[in-house]
Structure formats: structure tokens, C-alpha cells
Amino acid sequence: MVGTPRFRFAPSPTGYLHVGGARTALFNYLLARKHGGRFVLRIEDTDEARSTPEATEQILRALSWLGINWDEGPGVGGAPLEPGQVPSDPEGCKASYFQSDRAPLHRELAMRLWREGKAFYSHTERAGELKFDEVHRNLTLEEQEKLLREHGGRLPLKLKVPRDQVVEFEDRIRGRVRFNTEDIGDFIILKSSGSPVYNFACVVDDYTMGITHVVRGDDHLANTPKQLLVYQALGFEPPQFCHVPMILGPDGKRLSKRHGATEVLHYREMGILPMAMVNFLALIGWHGPDPDREEYFSMTELLAEFDWEGLGRSPGVFNLEKLLWLNGRHIRHLSDEEYLEKLMPYVPAGWRERFEEAYLREIALLEKERLRTLAEFEEKTRYFFEDKFPFDERALAKQITENERAGEIFAALHQALGELGEEEFQSEERLEEVLRGVAEELGLKFGKVAQPLRVALTGGAASPSIFSVVRLLGRERVLGRVGKFISPQGENPR
RNA sequence: GGUCCCUUCGUCUAAUGGUUAGGACGCCACCCUUUCAAGGUGGAAAUGCGGGUUCGAUUCCCGCAGGGACCA
């Protein structure tokens, strides 16, 4: 099939989009863009019991959040399929991107296989009871109709799989892969309820949607020979397959909930930037052409550099630390304006109401170098917005309650800072002068004064520049907070 | 249990029939510094095991082990 390459991502809406699925979607998206192709999104909602509209909605939202936009799929082109529509009308068959809409087509083609003697009814419902059903697969159509009637029209339809044949294909990542049909056996394509089985619906849809490249997780590798047999029976030309390795949890097992968040949208709540997530996912199972290149990628850079060549074959462990690091890189890479815009949803509404935008902005920019996630902002800057904020026990002990000179230091600070007017509080230069003066006066290194002050003002041992903190907090709040610690020894003897 | 897939620092990965096995996260140290970050410099850290083929294997082949997936 020459022409525009067509890639697809086909999730089942039985739950949220997890990171493994997101990565598969991303690879397809990048490959489609790279090769001037189309990226198709198909919702495989054939499992009626477990599929929900909410899950579909969630998946679409997650993909959109990541910036993985589909050229065709829900909301983009398409209409429900007419009952009985067959692939003589290929455009029409692309019409619906919900697999459930396509059931008539699946049934139609399954029946065609039956009429052609390539599929048969069997009452050994449970697959695997016997690999090859030598009795039923050899019945004539008439005999099968009779059998079907005897079972009230409810029998599964199985594909008649040729015996002792090698099914092989060229996988884009793994090279030649071979299976023997003796290990596969006849398998169900239509359940007794009349609904198609995954391996059948998938083939019909991929083919009728004109998919040329099937890039999916290698958990599907063992499905591929079965699908190839379906292509063969239907007389359809198969697409090119590419099985990407899976993403594992830190214990080397398939990534699952017990490893922490596997839900893509959960990372949005954590304050991960979508582009950081994309960057991170791209780096599992793929590497760029230049091994010494830094690992930061923008979408533009990914689109330029991503290709088949960099794809690897061994599974990768999801490394949260690296994601957080990359997220920090992406945060710092944002322009100030972009950063502020992206940060705002993570700033408590009350803070935005009660404080001036300029104040918020300054604090936000002070933290820009320090954040690994946007959600961290709230806990890291609470002392700027609330008078009640938590104290780090160890810092409090070290710098204040167990510091013999704390009372003296705070008295001197209170005295010296108290002498400054509101205006002088706005000059970090002036503040530095005064604070260094206090240290000198007490015969202490500057840090010995700055740290207790930092703890008193922020509750912790780490913060932006102490001068910025003092300035932004302002005279009143600084004197208030310092005042409380003037005689800690007296109040709180150790 | 059957079939298939995978195996380089803790993790993501690069490379080659001959290299000091490279980069990145994390870790450690140092620099910067009022702290924490950020940034910079340096360091520790890997070819699963056993056989072959070969002058030489981490690379090719075979077994094993471990992990994973699918089917049951």
C-alpha cells in the first residue's frame, strides 16, 4: 500500500490512559508526523461491560493534554457506519472511530469467511480445549447450519487455521518473527453472542481504515500471528508491524498501580508539564541520533529527530526521578510569561485573590529555578501568603531552640530592622547592609545570622535569598515573626 | 504448563569483532554561595552465567539463568 502512511492508536476505554499507552500513542504520533502520514485514533469499545463513555472522555483529554493530536478520530471526521456496510467503500469504512459502531462490518466479514469455508461454528466454546477442532472444521455448510440451529443460533465462529504452517513477518524493531500455527490452533473470531473478538475486529478495522503501520506494545506480539492469519483469510494485505518494548515498574514487573501513579492525568495534577512528560516517555525505548546530546527535547526537536532508527528492543523502567528532573528543566526553559501562565492553576485561589499580582509574580519567579513540579509551589511558598505555616522541626531546633545565641540574634535583628522604614525595606541592598552589620556586631559569620532568620521567617532552612524574603514579606510581617523568637531560651529552654 | 520476547552502570541508554565500554538521571566530592536550588568541575558505578567460533567477543553461535508478555 503506497501513499500516505497511516498510523493509529487504538485504546480500550475501560479505564484511564496509562503511561504505557501514552507512550505508544506518542510514538505513533511522532512517526506519523515524521513521515508525512496521518495519525488515527480509534476507540476499541467492543467490551460493552467494561467500556465507559467517561473513560473515552478521559483518554481523549489525556492525549490532548500531552499535545498528541489525532488527524482522524472522535470529533475529527467520521460518522456512524451504516449496518451492512462493507469495505467496497473504503472511505465509508473509515467513518466511525468507535469500534462498536463497526460491529456490522465485523459480522459481515466474519460471515463471508464462513461462507467461503474459512471459518466454522464450533460448540467447544472454550478456546484451547483442543487446538484444532478436526470434527467441526470439516463439516459442510449445511451440517454447520443444522448444528447452529440445534444450539439456538448461538455458537462461536472460529477461524479455520491451516495446520503446520509457519506464519512470519518482519517486525520493524525485532526483525523476522516466526510462529507455527500448530501452537496457535483454530481460534474464535465471533463469540456466540455475535460480537467480534479483539484479534478479528482489530484486523478488520485496521485494514478498512487503511492503516499501513501498526505500532503497539510488545504485549501484542503474540497476537500478531493470529491477526496475520485473519488478514490471510480475508485476503487483505497486512500492514507493517512494529512492537515497542513495554514500560516496567521499578521492580521490573509490568507498570501498574502499585508502583504509584500510572494515570497520565495524575501527572498533570502533580504539576508535570505535558512536554516534560512527552520528553520523558520518548526517552524510554528510544534514543536520538547523537548520544552526547542533552536529553532535553522540545516537541519540535522530537519531531525532527524521532525515527525508527532510535527505537530499542528492551523494556524500560519508569524512573520518576528522571521525570522530575526533566520537568525542572522544562520549567526553567519556559519564558517567564509562559511559566506564570502554567503555574497559575496550581496557586491557591485565595492567594490570588488576597495578594497583588506583582507580589505573586515576584515570588513565582524566585521559585522558578527551584521547582521540580508546579504543584510544589504551594507548599514551598506558604510562608509568603499565610501567617500560619509549618516549621521544619530539625531546622527549628538547630537554628533556634538549640542555638544558645538565638535570643540575642533575634533581639539584634529586631532592633536593627526596626530602625528601617517601609521604604528601606524595599531595598535589598540596604537590607543586606543592615543584616551583615548585625552579624558583624555580634561577631558572627553572616550565615549564623541568616539561617536563624530564615527559619523564623519561612519555617525552614531552605528558601530563596534571605534579602528577597525579607523585602517581600515587608516590615510588619518580618518584625512580627522575628519578635516571637527574641527570647526563645526563656520560653522554651532546651 | 505451552509459545514468544528481552538481558551494557541502581535506572534510561550509546558503541564496537580490538575503545581508558561513551552520555544522562540518581549518588558522592569540590567550586559558586546567606540556605536551598540552579549552574560548573570531578568521582564511584555496567557488558547475567557457562560453553564455543576467533589471534582477539561485551559484540557472532549454542546452552543456562533471570525477567517479561501472550495463551491456557
Side-chain angles (χ1 to χ4, degrees), chain A residues 20 126-131 167-168 171 173-175 177-185 187-188 198-199 216-227 243-256 279-297 309-329 331-333 366-372 376 380 392 395 398-399 428 431-432 435-436 438-439 444-455 457-458 460-470:
Chain A
R126 290 191 298 135
E129 257 177 41
L130 68 171
K131 280 222 151 102
V167 181
E168 59 179 12
D171 187 278
I173 288 181
R174 280 148 224 276
V177 182
R178 278 171 239 257
F179 290 86
N180 194 297
T181 53
E182 288 299 308
D183 298 319
I184 298 170
F187 58 91
I188 297 177
Y198 167 75
N199 281 322
R216 65 199 350 176
D218 72 8
D219 46 336
H220 284 292
L221 193 62
N223 280 325
T224 307
K226 290 187 180 181
Q227 298 192 4
H243 291 90
V244 301
M246 314 241 314
I247 298 180
L248 309 176
D251 55 358
K253 302 227 186 285
R254 184 187 193 136
L255 191 65
S256 70
N279 191 163
F280 173 70
L281 291 176
L283 258 17
I284 303 180
W286 176 80
H287 64 87
D290 175 11
D292 291 334
R293 184 198 189 285
E294 61 162 355
E295 295 194 316
Y296 171 93
F297 280 88
E309 284 68 48
L311 262 18
R313 52 175 57 200
S314 47
V317 171
F318 187 92
N319 182 190
L320 183 63
E321 280 299 323
K322 186 153 180 175
L323 172 60
L324 293 175
W325 169 76
L326 264 175
N327 199 50
R329 287 293 315 267
I331 288 174
R332 275 170 263 127
H333 204 269
L366 282 179
E367 289 294 340
K368 190 178 172 192
E369 300 296 307
R370 285 162 241 268
L371 293 181
R372 293 211 299 173
E376 273 172 3
K380 292 189 78 155
D392 175 67
K398 181 172 179 210
Q399 301 299 342
E428 291 190 19
L431 290 170
E432 177 157 8
L435 293 179
R436 287 197 187 276
V438 170
L444 291 168
K445 282 175 70 176
F446 181 61
K448 295 288 180 194
V449 173
Q451 279 307 85
L453 177 59
R454 189 187 310 278
V455 174
L457 297 180
T458 72
S463 84
S465 154
I466 191 68
F467 312 119
S468 302
V469 171
V470 171

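Heavy-atom basis, side chains included; hydrogens, waters and symmetry copies ignored. Quick note on labels: first sequence line is chain A, next is B, and so on, each numbered from 1. These numbers were taken from a predicted model, which means no experiment stands behind them.
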Discussion item. More than 12 heavy atoms of other residues, nucleotides or ligands under 6.0 Å from NZ of A:Lys448: yes or no?
Written reply: no
Worksheet entry | Selected nucleotide, minimal atom distance to A:Trp325 side chain, candidates B:A24, B:A37, B:U3 | B:A24
Fill in: Which nucleotide in B:U34, B:C12, B:C25 has an atom nearest any side-chain atom of A:Phe446
B:U34
Worksheet item: What about A:Ser314: does its side chain form a donor-acceptor pair under 3.5 Å with the base of B:U7?
Response: no
Worksheet item: Hey, would you say the A:Phe446 and A:Phe467 ring centroids sit under 6.0 Å apart?
Response: yes
Discussion item. Side chain to side chain contact (heavy atoms under 4.5 Å, CB included) for A:Ile466 and A:Leu453? Distances and angles first, verdict last.
Written reply: CA-CA 8 Å; A:Ile466 191 68; A:Leu453 177 59; 3.9 Å; yes
Worksheet item: Under 4.0 Å between a side-chain N/O of A:Arg178 and OP1 or OP2 of B:C4, yes or no?
Response: no
Worksheet item: Any idea which of B:C71, B:G39, B:U35 is nearest the A:Gln451 side chain?
Response: B:U35
Worksheet item: A:Pro250 near the nucleic acid: base, sugar-phosphate alone, or nothing, with a heavy-atom cut-off under 4.0 Å?
Response: nothing
Discussion item. Applying a 4.0 Å non-hydrogen cut-off, can you work out what A:Ile284 is touching in the nucleic acid: base, sugar-phosphate, or nothing?
Written reply: sugar-phosphate
Worksheet item: Start at the 5' end of RNA chain B and walk down; is the nucleotide closest to A:Ala450 or to A:Arg332 reached first?
Response: A:Ala450
Item to complete: Indicate, with a heavy-atom threshold strictly under 4.0 Å, whether A:Phe318 touches base, sugar-phosphate, or nothing.
Response: nothing
Worksheet item: Quick one: the side chain of A:Arg370 and the base of B:C36, do they pair up donor-acceptor inside 3.5 Å?
Response: yes
Worksheet entry | Atom-pair distance (CG on A:Asp171; C1' on B:C4), nearest Å | 12 Å
Worksheet entry | P atoms of B:A65 and B:A37, separation to the nearest Å | 47 Å
Worksheet item: Donor-acceptor pair under 3.5 Å: do we get one between A:Glu295's side chain and the base of B:G23?
Response: yes
Worksheet item: Looking only at heavy atoms, which two atoms of A:Arg370 and A:Leu366 are closest? And how far apart?
Response: NE-O, 3.1 Å
Fill in: Distance, C1' atom - from B:C6 to B:G48, rounded to whole angstrom
13 Å
Worksheet item: Which is true for A:Gly285 with a 4.0 Å heavy-atom rule: it touches a base, it touches only sugar-phosphate, or it touches nothing?
Response: sugar-phosphate
Worksheet item: Of the candidate nucleotides B:A14, B:A69, B:U35, which contains the atom at the shortest distance from the side chain of A:Ala461?
Response: B:U35
Practice prompt. Tell me which of A:Glu369 and A:Gly447 sits closer to the 5' end of RNA chain B, going by the nucleotide each one is nearest to.
Written response: A:Gly447
Worksheet item: Between B:G22, B:C4, B:G39, which nucleotide gets closest to the side-chain atoms of A:Phe179?
Response: B:C4
Response to the item:
One should read off an interatomic distance between A:Glu182 CD and A:Ile184 CD1, to the nearest 0.5 angstrom, of 9.5 Å
Fill in: Side chain of A:Asp183 - closest among B:A38, B:U3, B:U34
B:U3
Item to complete: Tell me what A:Ala462 touches on the nucleic acid: a base, only sugar-phosphate, or nothing, going by heavy atoms under 4.0 Å.
Response: base
Worksheet item: For A:Arg372, which contact category applies under a 4.0 Å heavy-atom criterion: base, sugar-phosphate, or nothing?
Response: nothing
Worksheet entry | Within-4.5 Å side-chain heavy-atom neighbours: A:Leu283 and A:Phe297 | yes
Worksheet item: Looking at B:C5, B:A14, B:C12, which one has an atom nearest to any side-chain atom of A:Lys322?
Response: B:C12
Practice prompt. Among the candidates B:A14, B:C5, B:U34, find the nucleotide nearest to the side-chain atoms of A:Asp218.
Written response: B:C5
Discussion item. If you only use heavy atoms from C-beta on, which nucleotide in B:C5, B:U34, B:U35 is closest to the side chain of A:Leu221?
Written reply: B:C5
Worksheet item: Out of B:C70, B:U3, B:C4, which nucleotide sits closest to the side chain of A:Ala222?
Response: B:C70
Worksheet item: Quantified in whole Å, what is the P atom distance between nucleotide B:U11 and nucleotide B:C70?
Response: 23 Å
Discussion item. How many whole angstroms separate atom CG of A:Leu283 from atom P of B:G26?
Written reply: 14 Å
